**Student:** 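Can you keep this structure in mind? I'll have questions shortly.
A quick note: this is a predicted structure, and the numbers were derived from the prediction, not measured. Below, read A as the first sequence line, B as the second, and so on, with proteins coming before strands; counting in each chain starts at 1.
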Amino acid sequence: MADITHWADVIADEVLAKGKKHLVATGITPSGHIHIGNMREVVTADVAFRALEDKDADVEFIYIADTYDPLRKVYPFLDESYAPHVGKPLSEIPCPCGNHKNYSEHFLEPFLAALEHLGIHPKVYRADELYKEGVYVEAIKQALVKKDEIAAILQKKSGKTPVDTWNPFNPICNDCGKVNTTIVTGFDLDAETVDYECSCGSKGTVSMKGGGKLTWRVDWPARWKALGVTVEPFGKDHASRGGSYDTGISIAKEIFDYEAPHPIVYEWIMLGQKGAMSSSTGVVVSIADMLKVVPPEVLRYLIIRTKPEKHIRFDPALPLLTLVDEFERLHSSDKATDYDKRMIELSHAAGLCHTDIPFKHMTTIYQVAAGDFDKIMNIVKRAGYDTSSEKCIRELVDNVGNWLEMYAPDNAKFSVQEELPVSTAQLNDLQRAFLSSFSAILDKSGELNGEDYHNLVYSAKEAGTELNIMIAESLNVDAAALEVNPKELFKAIYVSVLGQPSGPKAGWFLSSLEKDFLAMRFKEAAEYKP
RNA sequence: GGGCUCGUAGCUCAGUCAGGCAGAGCGUCUGGCUUUUAACCAGACGGCCUAGGGUUCAAAUCCCUACGAGCCCGCCA
């Protein structure tokens with residue numbers, strides 16, 4: 001298929017058909033750890049933003065943290081001391097670790113840091129500040145005045161009859177501090193105040209500036225109007241008929257006289273085989289954890305390669321490596337199509353450095369070197385990779401080390417066995433003859449580099465070499481009749497050292513180990529009879 | 001009880017909007033690299049496009065129905 005347009009560019013075209021000036025908005029409630037499911041929203045918004053920029057639209061990009069939402073419950077990661085705070089706005093609750101200004105900042109700070117790494121730079125707003133600054137005052141007034149109209153819209157669209165004390169505005173109780181336990185008893189448009197009664201027994205008056213918030217379904221369209229939002233991605237939870245986007249369209253138009261933003265509905269990210277990512281089920285991979293393991297561009301690519309309305313199946317184990325691989329190939333491929341190039345372009349996160357060492361390959365180097373950076377650098381140099389930027393290599397090494405520790409499946413790991421592996425019992429006579437001869441040669445030779453080792457192993461099959469003659473003698477056959485398959489020899493090496501039939505490139509691998517250790521180990525293996 | 005999205009090679013997915021020969025990567029297999037088994041290169045294998053019906057000269061693509069997967073609304077309006 002020729003001329004495949006990336007979804008971001010399709011969206012940009014659709015949006016541009018409506019006008020030239022745009023505001024892309026995204027918002028997340030920082031009620032808990034912000035995970036890579038949430039990341040989809042932000043990356044989706046950023047990609048739409050970039051696509052619009054590329055088409056010379058007059059476009060801005062904002063992120064609104066819903067810091068004024070109430071704490072819904074005591075989440076599993078919170079202790080019971082949070083029970084009295086349930087119902088209070090997140091921005092008014094103490095920080096779990098004590099190092100941040102409040103509860104929402106605790107979760108927001110690492111997330112904003114992650115955004116930087118991902119090359120996403122929206123203008124950041126906090127809902128509590130917007131309310132306190134009075135940005136919502138006009139909307140609150142209209143909502144209070146048109147309360148019944150709003151109720152009618154909600155009833156018609158979502159099919160639910162509101163209770164008679166319902167009000168689009170929820171005052172924050174002056175005494176108990178909760179936002180979901182109050183009812184509105186009156187308001188004064190000139191003084192910009194609202195009267196309330198709270199289930200805690202308190203009665204009082206609050207300001208429209210920071211004294212309460214609009215209920216979510218009204219808050220959202222009010223925000224569109226107040227800030228001028230024209231494009232916004234949101235999860236499918238808001239997207240169904242009767243859902244908050246659906247009611248938002250009507251409320252925006254009929255109450256606030258505003259056209260709802262262009263929707264970008266996205267699906268959830270499924271974690272491995274475990275189902276949807278969700279804080280409540282504990283199926284979560286935080287963005288911070290992912291950034292320890294892969295470059296930010298790969299995370300962007302994960303989101304970008306899939307259309308928003310499709311699930312993304314994400315598995316941080318081996319499939320993640322495949323993803324990294326795919327990205328690296330695409331990045332350096334000269335066969336990339338325009339579509340591929342566009343994806344790479346959109347994946348780009350500024351200020352990053354690249355090495356030409358494949359991630360997958362580094363997992364081997366890392367384990368051969370047992371994580372020792374100097375050894376890793378030696379191996380990398382010997383292999384002829386670009387070592388001009390040690391910093392880049394170190395970043396890669398850190399990622400790989402974390403991946404091995406956090407997500408690598410056992411079959412991707414190997415380790416040099418302390419004791420002779422029992423599987424050496426399976427070695428055949430040729431393999432034993434090879435190992436004992438190999439060991440003897442190692443004993444009397446000087447230091448060998450990777451290539452030496454490599455050549456030495458292959459010399460076994462060439463008539464007239466020392467190793468070839470020794471093997472023939474050991475097997476008591478004529479050297480001319482000796483047939484040697486190097487594959488078998490390599491297998492013998494891996495089994496003796498790692499206890500498994502395959503392993504990393506033999507030359508480098510052996511040269512990274514102590515020669516004396518190898519000589520002894522191969523001798524033991526050759527003689528081992530259970 | 002309603003609604004939304006998805007279903008294409010062993011795996012992950014493009015292609016569906018705008019109908020025109022069934023695609024890519026990974027994996028597997030084979031071969032090459034005068035031979036670094038997790039490097040690299042080339043090739044091959046691999047499909048009832050979930051199923052059934054309809055529209056059409058022509059359907060993975062549009063329409064209807066069923067099945068499967070995931071999710072949402074109804075509770076916090």
Side-chain angles (χ1 to χ4, degrees), chain A residues 1-7 10 13-14 69-70 72-73 86-87 150-151 153-155 157-163 165-168 170 180 215-218 235-247 265-270 275-276 278 302 305-315 318-323 325-327 329-330 333 335-337 339-340 343 357-358 360-365 367-368 382-385 411-412 414 449-458 461-462 485-491 493-494 500-511:
Chain A
M1 289 282 165
D3 300 334
I4 301 167
T5 312
H6 190 266
W7 56 261
V10 173
D13 285 337
E14 288 168 3
D69 279 3
R72 302 283 167 185
K73 62 176 181 180
V86 172
I150 297 172
I153 291 169
L154 291 173
Q155 178 170 4
K157 287 268 188 169
S158 69
K160 188 147 187 231
T161 309
V163 294
T165 56
W166 180 81
N167 195 284
N170 298 127
N180 58 358
T215 188
W216 162 244
R217 288 192 181 232
V218 183
K236 59 194 269 180
D237 51 337
H238 295 309
S240 59
R241 182 155 306 179
S244 51
Y245 181 72
D246 197 26
T247 54
V265 180
Y266 61 85
E267 255 285 356
W268 306 127
I269 294 182
M270 319 293 290
S278 148
L302 173 74
R305 70 204 274 265
T306 309
K307 292 194 297 185
E309 63 268 26
K310 303 255 285 190
H311 314 246
I312 291 177
R313 199 173 299 278
F314 177 73
D315 188 335
L318 228 41
L320 178 63
L321 234 56
T322 306
L323 180 75
D325 238 31
E326 183 181 318
F327 180 78
R329 277 169 190 275
L330 221 50
S333 171
K335 289 189 299 191
T337 62
Y339 180 71
D340 293 334
M343 283 201 291
I357 309 168
K360 218 172 201 171
H361 194 190
M362 182 56 87
T363 64
T364 297
I365 296 174
Q367 293 181 92
V368 166
R382 203 155 53 220
Y385 286 113
N411 65 7
F414 60 82
N449 66 24
E451 199 175 346
D452 297 334
Y453 274 109
H454 171 75
N455 290 333
L456 182 55
V457 175
Y458 273 101
K461 73 169 199 176
E462 282 169 41
N485 179 356
K487 283 194 177 192
E488 275 194 81
L489 308 186
F490 283 115
K491 187 175 171 186
I493 290 171
Y494 294 123
Q500 57 191 46
S502 63
K505 299 294 174 192
W508 302 337
F509 177 55
L510 294 177
S511 66

**Student:** So does Thr363(A) get a backbone contact from the side chain of Gln367(A), meaning a donor-acceptor N/O pair under 3.5 Å?
**Tutor:** yes
**Student:** Taking N or O atoms only and anything under 3.5 Å, show me the protein contacts with nucleotides 7-10 of chain B, one pair per line.
**Tutor:**
{"unit_1": "rG7(B)", "atom_1": "OP1", "unit_2": "Lys310(A)", "atom_2": "NZ", "d": "3.1"}

**Student:** With a 3.5 Å limit on both atom pairs, tell me what rA9(B) is paired to, counting Watson-Crick and G-U wobble, or say none.
**Tutor:** none
**Student:** Let me know, please, whether Arg305(A) or Val265(A) comes out on the 5' side of the other along RNA chain B by nearest nucleotide.
**Tutor:** Val265(A)
**Student:** What is the distance, to the nearest angstrom, from the CG atom on Leu321(A) to the C1' atom on rG27(B)?
**Tutor:**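 For the pair Leu321(A) CG and rG27(B) C1', the rounded distance is 14 Å.
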**Student:** For Lys157(A), check salt bridge (charged side-chain N to carboxylate O under 4.0 Å, His left out) against everything at least two apart and list the hits.
**Tutor:**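 Partners of Lys157(A) under the salt bridge (charged side-chain N to carboxylate O under 4.0 Å, His left out) test: Asp246(A).
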**Student:** Just name whichever nucleotide pairs with rG70(B), Watson-Crick or G-U, keeping both distances under 3.5 Å, else none.
**Tutor:** rC4(B)
**Student:** Ile153(A) has an atom CD1; how far is it from atom C1' of rA77(B), in whole Å?
**Tutor:** 14 Å
**Student:** Do the side chains of Tyr339(A) and His6(A) get nearer than 4.5 Å, heavy atoms only?
**Tutor:**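 The answer is yes, as the side chains (C-beta and beyond) meet within the 4.5 Å cut-off.
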**Student:** So which protein N/O to nucleotides 72-74 of chain B N/O distances come out below 3.5 Å?
**Tutor:**
{"unit_1": "rC72(B)", "atom_1": "O2'", "unit_2": "Asp237(A)", "atom_2": "O", "d": "3.0"}
{"unit_1": "rC72(B)", "atom_1": "O2'", "unit_2": "Ser240(A)", "atom_2": "OG", "d": "2.9"}

**Student:** Both distances under 3.5 Å, Watson-Crick or G-U wobble: report the partner of rC76(B), or none.
**Tutor:** none
**Student:** So what's rC62(B) paired with, Watson-Crick or G-U wobble, going by both distances under 3.5 Å?
**Tutor:**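 Across all strands, the one nucleotide that pairs with rC62(B) is rG54(B).
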**Student:** Can you name the residues that form a ring-ring contact (aromatic ring centres under 6.0 Å, His included) with Tyr453(A), not counting sequence neighbours?
**Tutor:**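 For Tyr453(A) there are no ring-ring contact (aromatic ring centres under 6.0 Å, His included) partners, ignoring immediate neighbours.
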**Student:** I need a per-nucleotide contact map over nucleotides 31-40 of chain B, read 5' to 3'. Cutoff is protein heavy atoms under 4.0 Å; write B for the base, S for backbone only, - otherwise.
**Tutor:** ----BBBBB-
**Student:** Between rC17(B) and Lys307(A), is there an OP1 or OP2 to side-chain N/O distance shorter than 4.0 Å?
**Tutor:** no
**Student:** On RNA chain B, check which nucleotide each of Ile150(A) and Ile312(A) is closest to and give me the residue with the more 5' one.
**Tutor:** Ile312(A)
**Student:** Check whether any side-chain N or O of Thr306(A) sits under 4.0 Å from OP1 or OP2 of rC13(B), and answer yes or no.
**Tutor:** no
**Student:** Could you state the atom-to-atom distance from CG of Asp325(A) to C1' of rC11(B) in whole Å?
**Tutor:**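 The distance from CG of Asp325(A) to C1' of rC11(B) comes to 15 Å, rounded to the nearest Å.
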**Student:** Any idea which of rC6(B), rC26(B), rA77(B) is nearest the His311(A) side chain?
**Tutor:** rC6(B)
**Student:** Could you give the distance separating rC17(B) and rC21(B) at their C1' atoms, to the nearest angstrom?
**Tutor:**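 Comparing C1' positions in rC21(B) and rC17(B) gives a spacing of 22 Å.
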**Student:** If I take atom CG from residue Leu302(A) and atom CD1 from residue Ile312(A), how far apart are they, to the nearest 0.5 angstrom?
**Tutor:**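 Leu302(A) atom CG to Ile312(A) atom CD1 measures 5.0 Å (nearest 0.5 Å).
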**Student:** Using the P atom as the point on both nucleotides, what is the distance between rA38(B) and rG27(B), in whole Å?
**Tutor:** 11 Å
**Student:** Checking Phe490(A) now: which residues fulfil ring-ring contact (aromatic ring centres under 6.0 Å, His included) with it, not counting sequence neighbours?
**Tutor:**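 For Phe490(A) the ring-ring contact (aromatic ring centres under 6.0 Å, His included) partners, ignoring immediate neighbours, are Tyr458(A).
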**Student:** Rounded to the nearest 0.5 Å, what separation is found between the CG atom of Asp452(A) and the CG atom of Leu510(A)?
**Tutor:** 11.5 Å
**Student:** Give the C-alpha distance, both sets of side-chain angles, the deciding distance and a yes or no for side chain to side chain contact (heavy atoms under 4.5 Å, CB included) between Glu267(A) and Thr306(A).
**Tutor:** CA-CA 10 Å; Glu267(A) 255 285 356; Thr306(A) 309; over 6 Å; no
**Student:** Can you tell me how far P of rU5(B) sits from CD of Glu309(A), to the nearest Å?
**Tutor:** 9 Å
**Student:** At under 4.0 Å between heavy atoms, what does Thr247(A) touch on the DNA or RNA strands: base, sugar-phosphate, or nothing?
**Tutor:**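 It contacts nothing in the nucleic acid.
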**Student:** Atom CG of Leu320(A) to atom P of rC11(B): distance rounded to whole Å?
**Tutor:** 20 Å
**Student:** Which residue in the set Tyr266(A), Tyr245(A), Trp216(A) passes ring pair (Phe, Tyr, Trp, His ring centres under 6.0 Å) when paired with His238(A)?
**Tutor:**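 Per the ring pair (Phe, Tyr, Trp, His ring centres under 6.0 Å) rule, the option paired with His238(A) is Trp216(A), out of Tyr266(A), Tyr245(A), Trp216(A).
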**Student:** Taking rC62(B) as the reference, what is the distance to rG15(B) when you measure between their P atoms (whole Å, please)?
**Tutor:** 12 Å
**Student:** Rounded at 0.5 Å granularity, tell me how far CZ in Arg72(A) sits from CG in Asn180(A).
**Tutor:** 7.5 Å
**Student:** Measure the distance from CD1 on Ile269(A) to C1' on rU12(B) and round it to the nearest whole Å.
**Tutor:** 14 Å
**Student:** Sort out the partner of rA44(B) for me: Watson-Crick or G-U wobble, both distances under 3.5 Å, none otherwise.
**Tutor:** rU28(B)
**Student:** Please measure how far the P atom in rA69(B) lies from the corresponding atom in rU50(B), and state the result in whole Å.
**Tutor:** 16 Å
**Student:** In whole Å, what is the span from the CG atom of Leu330(A) to the P atom of rU12(B)?
**Tutor:** 19 Å
**Student:** OP1 or OP2 of rC76(B) less than 4.0 angstrom from a side-chain nitrogen or oxygen of Arg72(A), does that happen here?
**Tutor:**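 Indeed not, no polar side-chain atom of Arg72(A) lies that close.
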**Student:** Grab the CH2-P distance between Trp7(A) and rU5(B) for me, whole Å please.
**Tutor:**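 Taking CH2 of Trp7(A) and P of rU5(B), I get 18 Å after rounding.
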**Student:** Look through every strand shown and name the nucleotide pairing with rU34(B) as Watson-Crick or G-U wobble, where both distances are under 3.5 Å.
**Tutor:**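 The answer is none; no pair meets the criterion.
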